[in-house]
Amino acid sequence: MDNVNKLTAISLAVAAALPMMASADVMITEYVEGSSNNKAIELYNSGDTAIDLAGYKLVRYKDGATVASDMVALDGQSIAPKTTKVILNSSAVITLAQGVDSYSGSLSFNGGDAVALVKDDAVVDIIGDVPTPTGWGLDVTLKRKLDALVANTVFNVAQWEQLPKDTFSGLGSLETPAEPEVPLFSCSGAKIVPIYQVQGAGESSPYVPEGAFESEAEVTVRGVVTARGESLFKGFYLQEVKGDNSPYTSDGVFVFLGEAVPEAIQPGVEVCVQGKVKEYFGLTQIDIKADKKFEVGAKGEVPVAAPFYVADGETLAQALERYEGMNVALDAGSDLKISRTFSYDYAGRRNNMLVSYQAPLMKSTQLYPALSAEATALVKSNLENQLFIESDYKPADGVIPYFPDFNVETGYIRVGDQLTNLQGVIGYSYGAYRLVATNTITAGDFIRGDDRTDAPSVATKGDLRVASFNVLNFFNDVDGGDTNPSGSNRGALTLEEMVLQRTKIVSAITAMNADIVGLMEIANNGFGEKSAIKNLVDALNEKQTPENAYSFVEITDADKYDGKYFGTDAITVGMLYRGGKVTLAGAAQAIDTPEQHASAGSVTRTKDGKTETNPGNDAYQRHSLAQTFKIHDESLTVVVNHLKSKGSGCLEDWANFEESVDPADQQGKCNAFRVSAAKVLGETLKDVKGDLLIIGDMNAYGMEDPIRVLTDFDASKSERDIMTASWTTLDGKVFERQGSKIEKGYGLINLNTKAHGAGTYSYSYNGELGNLDHALANASLAKRLVDIEDWHINSVESNLFEYGKKFSGDLAKSENAFSASDHDPVIVALSYPAPVVPPKPEPTPKDDGGALGYLGLALMSLFGLQRRRR
């Protein structure tokens, strides 16, 4: 049964359950759902005598409800025979024709509400189905057809004619108002203003007064259409053919129509328009929505796309303002690099791509401490260095409209690639400049910066390699895996997806050639035959030689939650190792991390003189896993971590009025809570004997507080304090009731920074790169560093290539390592040379035999040396 028939069946069933009258002379003949409070219902008496409306009322079925709520009681009113009565919202701005009988009341329906006329709680007439579909009757006037003047207790859409929003002229009359004839607009005799004068050389049009949003008078412009906007921007783009040859003013402008563009307006057609100049949230446009003042001329050629470039000393935003509304082309001289591959734009609520000038954007707190002058400046600089690459329509899943050859093997896009040969028009919306593409490109139009590699360069370096790898919710639920404490599945939804995810992870780990691998985001379903970690290791070992086979570290029974799990979250950390390369030294250690528990009303905040108390707050972190290994005679302790995410809020975010917005310090939510975890790690591990390496997804960028606390933070040299979280517990006991100030860091060394400087990355979020995945070492381990590499197989790739099919449509997937996760693995190569065995001493002769004896010794020594050299 289709949806329409289903809805009709439901409506009939509901109507059958409602009290109703068999027939009536009073009926609804017009419904007006207009702007703001402009609501009206027209009633008609088809009988030959006047009708007293005592007991009558208008009701509505709000937002799909099946039980009505009262609006206007009509007691004391009457309606003459063969005449109408108009019921108005008391705040409506509607002028009725002279002599129309009307009555005002609290008429409060909206689109999505059916309206009924009832008498003594029995339905007399109704407009709209019950239950009512969402959005039905929104922004329309509905008028009953003259051949259907019969009251109905079930809505019949065929009896009604739909008129445009805010059509009031027919109220009080059964006749449909004739549409007034609109004289054709003509530019003849009008003063034509050049488009470049409308745009001007500043950020807003000189025709719009300061502090206003539109010009005081209309202007008339003429140009050639370069593009139509059907969805993202509803209108079309006009451009001067010759322009003023000035680099400071744009020769193009957007004409806002607010509806489908007439077929006659096509690229290459000359059009003259007249309307006010508006600054619409940063976009200069000519608004002709109300009067549709345009005149279509002859068709010619589309103006040649202007090569886009950024001049010396200006930002990308300043350059884009010079081209706003114009048809442009990106070439090698544009120097625009991919900063976010084709994926979801939270502001525009659609998939698109982000480019920036000269280099991808780096997260401010990857390079500089939070709220430092440098970090604040970089935040501003990044906002001024963004151009979104759009299609006019929201694309289908897995499709890039302007790049039809997009594919996982040869038609990929990576962050850092330079974009060339794309043409489009420059618009502005959702607080950013957008190029709406008008042509298509191929894989050859991307100049590769840092291209794919089949394996990391560090894979063959050093004597031992340790890796950190967030595996993006590897769950084996669909393969008969055991459940986790929450019972939820955050990973693959089908067996096909799970096998693909596992295959990609195996491809990545095999290529890394690491001897110890720390895992994050693996399902927390124990260590048995049906566990995710066993499932992964079994598949991984199928690709290894026997001497390189992996085993996994298992925590002791005493550390297991409910006798099985590692903590209470759905995901956990894990550790793999090659028994042929390293030896376990003792049992694994579970390092408990703090929890935060503040009961409702225990904390207050004050703003604008108003004091509030907190709602209940509970926050948790995943425990860390430590294991000591023996390599030859040396001791290495590896600790795998996955600290609290940046997305969900903690008590401090509520206290700072940032529970619903991104915190101002750019460190994400729960920063102090992660600092508490860093403090616990530092205290727990400060006396470890031998080498120490802390790895994992710390959910903190390189210069954010948790990393500074674990490394070289010094409060005496810092411009701001670093605080732990309040109301924390550890292992069920009070840890800190009030947050404490960190005075000194724990002295670990950030190996990435040591080797490559601060500008490294393993993760991309919202178009900015940075390291959430770290390798922090004590001094003895740092001396063993041979090299460290973030293998860029995930952060710079499209997430459409990941294992999940929910948003990728029919896009083919690959079993290769690229987009195996959303985090890059971090691989550390270390020097653990085998100990040198000293040679056995030669026996000393008892009798030297004089000179001959000395000669004999020399010959023996020489012979022995030569023998050893062989």
Side-chain angles (χ1 to χ4, degrees), residues 282 308-310 313-321 330 334-348 350-390 413-420 422 426 428-435 446-450 646-647 662-668 699-704 707 752-753 756-773 790 792 794-799 822-824:
F308 174 80
Y309 71 95
V310 180
E314 71 176 352
T315 65
L316 176 60
Q318 289 168 335
L320 289 165
E321 178 63 32
L330 307 183
S334 305
D335 205 2
L336 294 180
K337 306 293 176 62
I338 307 297
S339 198
R340 174 174 57 73
T341 59
F342 193 78
S343 55
Y344 193 70
D345 170 16
Y346 290 93
R350 52 166 55 210
N351 283 335
N352 55 29
M353 197 161 64
L354 177 67
V355 297
S356 51
Y357 181 54
Q358 292 187 329
L361 305 178
M362 290 293 295
K363 176 70 177 176
S364 61
T365 49
Q366 171 65 29
L367 303 179
Y368 308 109
L371 297 178
S372 64
E374 296 87 350
T376 302
L378 185 54
V379 170
K380 180 177 182 295
S381 174
N382 283 353
L383 289 173
E384 294 174 345
N385 192 13
Q386 298 183 7
L387 172 63
F388 290 86
I389 307 298
E390 296 277 10
I413 305 171
R414 284 168 59 93
V415 171
D417 289 351
Q418 183 169 333
L419 179 59
T420 66
L422 187 70
I426 301 294
Y428 189 94
S429 66
Y430 299 106
Y433 288 96
R434 298 172 187 269
L435 181 144
F446 293 92
I447 300 174
R448 303 292 184 199
D450 180 15
K646 292 173 173 287
D662 288 336
D665 65 5
Q666 302 291 313
Q667 297 188 100
N699 270 309
Y701 290 104
M703 290 300 287
E704 290 186 353
I707 304 303
N752 240 329
T753 303
H756 306 299
T760 58
Y761 62 89
S762 64
Y763 189 70
S764 173
Y765 178 73
N766 209 22
E768 294 179 325
L769 295 168
N771 262 118
L772 294 181
D773 309 87
D790 301 298
H792 298 315
N794 299 320
S795 66
V796 299
E797 293 275 348
S798 172
N799 56 18
D822 54 347
H823 290 247
D824 291 329

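Source: prediction; values computed, not measured. Only heavy atoms go into these numbers, but all of them, side chains included; no hydrogens, no water, no symmetry mates. Sequence positions, counted from 1, serve as the residue numbers for this chain.
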Is there a donor-acceptor contact under 3.5 Å linking the side chains of [X] and [Y]?
X	Y	value
Tyr428	Glu321	no
Asn351	Asp345	no
Asp665	Gln667	yes

May I ask you to test the [X]-[Y] pair for a side-chain heavy-atom distance under 4.5 Å?
X	Y	value
Thr341	Glu797	no
Asn771	Gln366	yes
Tyr701	Lys646	yes
Val415	Arg340	no
Asp790	Asp773	no
Asp822	Asn794	no
Ile447	Asp417	no
Leu320	Leu387	yes

| Hey, is OH on Tyr344 packed in by over 12 heavy atoms from elsewhere, all under 6.0 Å? |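 Check passes, neighbour count above 12.
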Minimum heavy-atom distance [X]-[Y], with the two atoms named:
X	Y	result
Ile389	Asn352	O-CB, 3.3 Å
Thr365	Gln666	OG1-O, 3.8 Å
Ser372	Pro369	OG-O, 2.7 Å
Asn385	Tyr357	OD1-N, 2.7 Å
Ser764	Ser795	CB-O, 3.4 Å
His792	Val796	O-CG2, 3.7 Å

From [X] atom [atom1] to [Y] atom [atom2], the distance as rounded to the nearest 0.5 Å:
X	Y	atom1	atom2	value
Met362	Tyr368	CE	OH	10.0 Å
Leu378	Leu367	CG	CG	6.0 Å
Gln386	Leu316	CD	CG	9.0 Å
Leu772	Leu769	CG	CG	11.0 Å
Ile338	Leu419	CD1	CG	5.0 Å
Ser364	Glu704	OG	CD	8.0 Å

| message | Using side chain to side chain contact (heavy atoms under 4.5 Å, CB included), reason through Thr420 and Leu336 one step at a time and then give a plain yes or no. | response | CA-CA 8 Å; Thr420 66; Leu336 294 180; over 6 Å; no
| task | Could you pull out all residues at least two apart from Ala319 that satisfy side-chain contact (heavy atoms from CB on, under 4.5 Å)? | result |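 For Ala319, the residues satisfying side-chain contact (heavy atoms from CB on, under 4.5 Å) (neighbours in sequence not counted) are Phe308, Val310, Glu314, Arg322.
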| task | Would you please indicate yes or no on a ring centroid separation below 6.0 angstrom for Tyr761 and Tyr763? | result |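 Distance test on ring centres: not under 6.0 Å, no.
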| said: Any side-chain to backbone donor/acceptor pair from Lys337 onto Gln358? Under 3.5 Å, distance only. | reply: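 Side chain of Lys337 to backbone of Gln358, a donor-acceptor pair under 3.5 Å: yes, one is there.
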